Amino acid sequence: MEKEHAHIDELIMDVLTGNAGRAQQDELEAWMAASEANRAYFERLHEIWFSAACSSDDRRFDGEAAFARFQRHVKAARQAAPPTRPRPIGKFLRQAARYAAIVLLAAGTGGLAYQAGRHQAETPLAPIEITTPAGAQTCVSLPDGTQVILNAGSKLAYDADFGREGREVRLTGEGYFEVAHQAEMPFYVHSSDFQVKVLGTKFNICNYPDEGLATVSLLEGRVSLNGHGQPDRPLVLSPDEQAVWDKATARLSKQAMPADSDERAWWKDWLVFRDWPLERIVQVLQRDYDVRIEIEEGSLPAMRFNAEFRRSQSIETILDRLQATGKFRYERLNGSYYLYKDN
């Protein structure tokens, strides 16, 4: 019996870390379907795997610290609801601690913390959602080896059987993707306004609900886009091209990207505003720094700026430099920032 439990722990670990083949996934699903106790055991380990990497202030992933957090979570879970038939999970935890690393980069500090995706256990293998709060970035490694960096205020969702029969994710906000090449299984990104299809490439998608434009910027490879309502008219991008979706007109267009877009990318610690209206700049700063900024009504929101900043710079440094243009002045009051036209 002990050997059987160890085998199940190994099987669950392989599935959660994306190292399981189809036969292993089928075996685990059959095991969970055999009894409610089996399903509950899987869900308990699933939750522990996701939650054990939370709340770290380390600058690098520390496997020993992660394992210690695993142990604390298991102990607390047992005290709250002791299992009727205890099973050995120590080996599972030690091995899984090497993999439970969804990394949260705090904007403006460069420090690292660890964040879990929220698991909604409605089914044995429920969808996985990873949410990045304002003022942070999240690095995600998908089971197929695809790497994703989520910008502040963004969410990525995918099914727990991702990679088995398809590779599809759902994105809200902004994400930079380096997709693992699998010619036989295209990778799809679904957003609220369009769908992106790729085989293996590097690209960025920006589609925040509160912004009027959505963009797809291609660095390497080749992608095709289908705007919602235009399924038969895909737009194909080549490297250094950008697709722009105008939400007001439902129009999809293509343009060249600036020459230094890759070097000055947000995922490389840059904030770049190229002839942007102040209103749009404020939207980005509020998300990236988790602050509240109010703009005086009138012509100020439409004033345009060109500027480049390191994300590690403070919000005050950025506002000081923008204020130095003589177009506006700002003040801080009760933790919020207020921008006024400089008369």
Side-chain angles (χ1 to χ4, degrees), residues 18 101-105 107 130 132 136-158 162-163 166-208 211 213-228 230-231 233-246 252-274 276 284 288 308-311:
I102 298 174
V103 184
L104 184 69
L105 290 82
I130 301 162
T132 305
Q137 294 178 7
T138 304
C139 300
V140 184
S141 180
L142 297 180
D144 67 338
T146 291
Q147 303 297 313
V148 185
I149 304 177
L150 292 179
N151 207 350
S154 302
K155 180 173 71 174
L156 185 74
Y158 59 94
F162 173 94
R167 298 191 296 166
E168 299 190 29
V169 300
R170 298 168 293 283
L171 174 70
T172 301
E174 186 167 21
Y176 168 72
F177 293 77
E178 293 191 0
V179 177
H181 181 77
Q182 290 187 19
E184 73 286 356
M185 189 179 294
F187 188 102
Y188 292 91
V189 182
H190 301 276
S191 79
S192 60
D193 296 287
F194 49 77
Q195 171 184 282
V196 179
K197 176 184 177 182
V198 304
L199 291 177
T201 187
K202 297 180 181 180
F203 62 98
N204 185 75
I205 297 180
C206 183
N207 189 4
Y208 285 99
E211 294 187 355
L213 298 177
T215 61
V216 178
S217 306
L218 182 62
L219 281 69
E220 294 181 11
R222 188 180 176 91
V223 302
S224 64
L225 294 84
N226 289 91
H228 291 176
Q230 302 175 347
R233 288 186 288 170
L235 181 67
V236 178
L237 294 183
S238 297
D240 299 323
E241 290 184 333
Q242 182 181 71
V244 180
W245 176 268
D246 189 317
L252 189 61
S253 60
K254 181 166 62 174
Q255 63 187 30
M257 290 196 306
D260 62 350
S261 292
D262 187 16
E263 290 79 8
R264 294 293 190 268
W266 63 265
W267 59 90
K268 293 186 176 180
D269 194 38
W270 283 96
L271 285 171
V272 179
F273 309 129
R274 302 188 186 282
W276 280 25
V284 172
D288 284 10
E308 295 182 359
F309 303 99
R310 281 289 187 180
R311 294 174 64 97

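Treat the numbers as computed from the prediction; the structure is a model and nothing was measured.
- What you find for Ala180 and Gly145 is that their closest heavy atoms are CB-C, 4.1 Å.
- Closest approach of Met257 to Ser261, counting heavy atoms only: CB-OG, 3.7 Å.
- The side chain to side chain contact (heavy atoms under 4.5 Å, CB included) with Asp144 is formed by just one residue from the set Gln182, Met185, His181; it is Gln182.
- Minimum interatomic distance between Ile149 and Cys139 (heavy atoms only, all atoms of both residues): CG1-SG, 4.3 Å.
- Annotation: Arg264, atom CZ; neighbour count of heavy atoms from other residues, nucleotides and ligands within 6.0 Å is above 12.
- Checked by atom type, the side-chain pair Asn207/Trp245 shows no donor-acceptor distance below 3.5 Å.
- Ile205 contributes atom CD1, which lies 5.5 Å from atom CG of Leu171 (distance to the nearest 0.5 angstrom).
- At a threshold of 4.5 Å between non-hydrogen side-chain atoms, the residues Arg167 and Leu142 do not count as touching.
- Ring pair Tyr158/Phe162 is perpendicular by interplanar angle, where above 60° counts as perpendicular and below 30° as parallel.
- Taking the six-membered ring where tryptophan is involved, the planes of Phe177 and Phe187 are perpendicular, since the angle between them exceeds 60° and thus also 30°.
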Worked verdict on Val216 versus Asn204 for side-chain contact (heavy atoms from CB on, under 4.5 Å): CA-CA 6 Å; Val216 178; Asn204 185 75; over 6 Å; no
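- Distance alone, capped at 3.5 Å, is enough to place a donor-acceptor pair between the Ser154 side chain and the Glu174 backbone.
- Residues Val169 and His190 form no side-chain contact, since every pair of their non-hydrogen atoms from C-beta on lies 4.5 Å or further apart.
- A distance-only check finds no donor-acceptor pair linking the side chain of Lys155 to the backbone of Arg170 [under 3.5 Å].
- The two residues Leu150 and Ile130 come nearest to each other via the heavy atoms CD1-O, 3.7 Å.
- Taking 4.5 Å as the limit, some side-chain heavy atom of Asp269 sits within range of a side-chain heavy atom of Arg310.
- A distance of 12.5 Å separates CG in Asp240 from CD in Gln255, rounded to the nearest 0.5 Å.
- Counting only heavy atoms from C-beta outward, the side chains of Phe203 and Val189 approach each other to under 4.5 Å.
- A distance of 14.5 Å separates CD of Gln147 from CH2 of Trp267, quoted to the nearest 0.5 Å.
- When every heavy atom of Tyr208 is checked against every heavy atom of Ala152, the shortest pair comes out as OH-O, 2.6 Å.
- Residue Arg222 holds its CZ atom at 11.0 Å from NZ of Lys197, rounded to the nearest 0.5 Å.
- The side-chain heavy atoms of Glu308 and Arg274, taken from C-beta on, include a pair separated by under 4.5 Å.
- Between Cys206 and Trp266, the closest side-chain pair of non-hydrogen atoms is not below 4.5 Å.
- Residues Phe194 and Thr215 come closest through the heavy atom pair CZ-O, 4.4 Å.
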